Amino acid sequence: QVQLVESGGGLVQAGGSLRLSCAASGSFSSLNTMGWYRQAPGKQRELVASIHSRGNTNYADSVQGRFTISRDYAKNTVYLQMNSLKPEDTAVYYCYYDSGTHYWGLGTQVTVSS
């Protein structure tokens, strides 16, 4: 079992920045992927960014160059640095952990005002 707790969401003006954090606890596999999805009202949940335990990263086209995902392996924490935020980035952001079994956090709201 893996538990995930997100933090760092909030309200920001367009062009601003936020950093999301996701602290993981529990029983981990040596090979795993952590990352972030988001879901805006009326839309499907979409992958934002992911990072494998070996360090490989992946980004949605819509956030490439603006968002950066990173991991602190000692703290079992993954971060999402979000810069140049746009109103269309408004969504609930969910942290996930995947090692064959998928775990979700409860989500944190990000609202970007125009």
Side-chain angles (χ1 to χ4, degrees):
Q1 290 282 340
V2 174
Q3 295 77 42
L4 304 170
V5 178
E6 302 107 329
S7 61
L11 173 64
V12 64
Q13 288 189 333
S17 298
L18 283 173
R19 189 176 83 150
L20 304 183
S21 300
C22 174
S25 60
S27 178
F28 305 111
S29 171
S30 57
L31 295 177
N32 60 76
T33 300
M34 292 186 71
W36 298 88
Y37 276 74
R38 68 186 180 187
Q39 187 165 21
K43 295 189 177 181
Q44 289 188 329
R45 192 173 293 192
E46 62 173 354
L47 178 65
V48 176
S50 63
I51 182 166
H52 191 267
S53 50
R54 289 177 172 168
N56 309 69
T57 59
N58 182 50
Y59 295 92
D61 290 343
S62 59
V63 307
Q64 184 77 44
R66 300 188 296 124
F67 291 10
T68 302
I69 191 169
S70 60
R71 285 177 76 159
D72 184 328
Y73 294 91
K75 295 181 179 180
N76 295 318
T77 299
V78 64
Y79 304 97
L80 185 68
Q81 178 66 44
M82 306 186 293
N83 298 329
S84 302
L85 283 161
K86 304 175 181 180
E88 50 264 43
D89 294 317
T90 296
V92 178
Y93 284 69
Y94 296 92
C95 176
Y96 79 95
Y97 171 99
D98 195 333
S99 60
T101 301
H102 203 102
Y103 298 90
W104 293 102
L106 295 179
T108 185
Q109 177 71 46
V110 172
T111 302
V112 184
S113 63
S114 57

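All values derive from a computational prediction rather than experimental measurement.
- Residue pairs satisfying the disulfide (SG to SG under 2.5 Å) criterion with at least one member in residues 7-97, sequence neighbours excluded, are listed as follows: Cys22-Cys95.
- Contacts of Ser84 classified as side chain to side chain donor-acceptor pair (under 3.5 Å), with partners at least two apart in sequence or in another chain: none.
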From CA spacing to verdict: side chain to side chain contact (heavy atoms under 4.5 Å, CB included), Ser62, Arg38: CA-CA 12 Å; Ser62 59; Arg38 68 186 180 187; 3.4 Å; yes

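- Once rounded to the nearest 0.5 Å, the distance linking CD of Glu46 with CD of Gln39 reads 9.5 Å.
- For residues 34-80, the ring pair (Phe, Tyr, Trp, His ring centres under 6.0 Å) pairs, not counting sequence neighbours, are Tyr37-Tyr96, Tyr37-Trp104.
- Between the CG atom in Leu11 and the OG1 atom in Thr90 there is a gap of 8.5 Å [rounded to 0.5 Å].
- Heavy-atom minimum distance, Ser114 versus Ala14: CA-CB, 4.4 Å.
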Evaluation steps, side chain to side chain contact (heavy atoms under 4.5 Å, CB included), between Leu4 and Val2: CA-CA 7 Å; Leu4 304 170; Val2 174; 3.9 Å; yes

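- A continuous path of hydrophobic side-chain contacts links Val12 to Val48 [ILVMFWY only; heavy atoms under 4.5 Å].
- By the rule that hydrophobic residues join a cluster once side-chain heavy atoms approach within less than 4.5 Å of another member, Val63 and Ile51 end up as members of one cluster.
- Taking hydrophobic clusters as Ile, Leu, Val, Met, Phe, Trp and Tyr residues chained together by side-chain heavy-atom distances below 4.5 Å, Tyr103 shares a cluster with Ile69.
- Heavy atoms from other residues, nucleotides or ligands lying under 6.0 Å from CG of Leu31 number more than 12.
- Ser21 and Thr77 get closest at one heavy-atom pair: CB-CG2, 4.5 Å.
- Atom CZ of Arg71 and atom OG1 of Thr57 lie 12.0 Å apart (nearest 0.5 Å).
- Asn58 is not listed as a side-chain neighbour of Thr33, based on a closest heavy-atom distance of 4.5 Å or more.
- When atom types are taken as modelled, the side chain of Ser53 and the backbone of Asn32 share a donor-acceptor pair closer than 3.5 angstrom.
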Residues Val110, Leu20; criterion side chain to side chain contact (heavy atoms under 4.5 Å, CB included); working and verdict: CA-CA 9 Å; Val110 172; Leu20 304 183; 4.0 Å; yes

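- To the nearest 0.5 Å, the span separating OH on Tyr93 from CG on Leu18 amounts to 9.0 Å.
- With Glu6 contributing its side chain and Leu106 its backbone, the two residues share a donor-acceptor pair below 3.5 Å.
- Put simply, CG on Asn83 and CG on Asp89 are 11.0 Å apart, with the number rounded to the nearest 0.5 Å.
- Considering CD of Gln3 and CD of Gln1, their distance stands at 6.5 Å, rounded to 0.5 Å.
- Taking both residues in full, the closest heavy atoms of Ala40 and Ala91 are given as N-CB, 3.8 Å, listed atom of the first, atom of the second, then distance.
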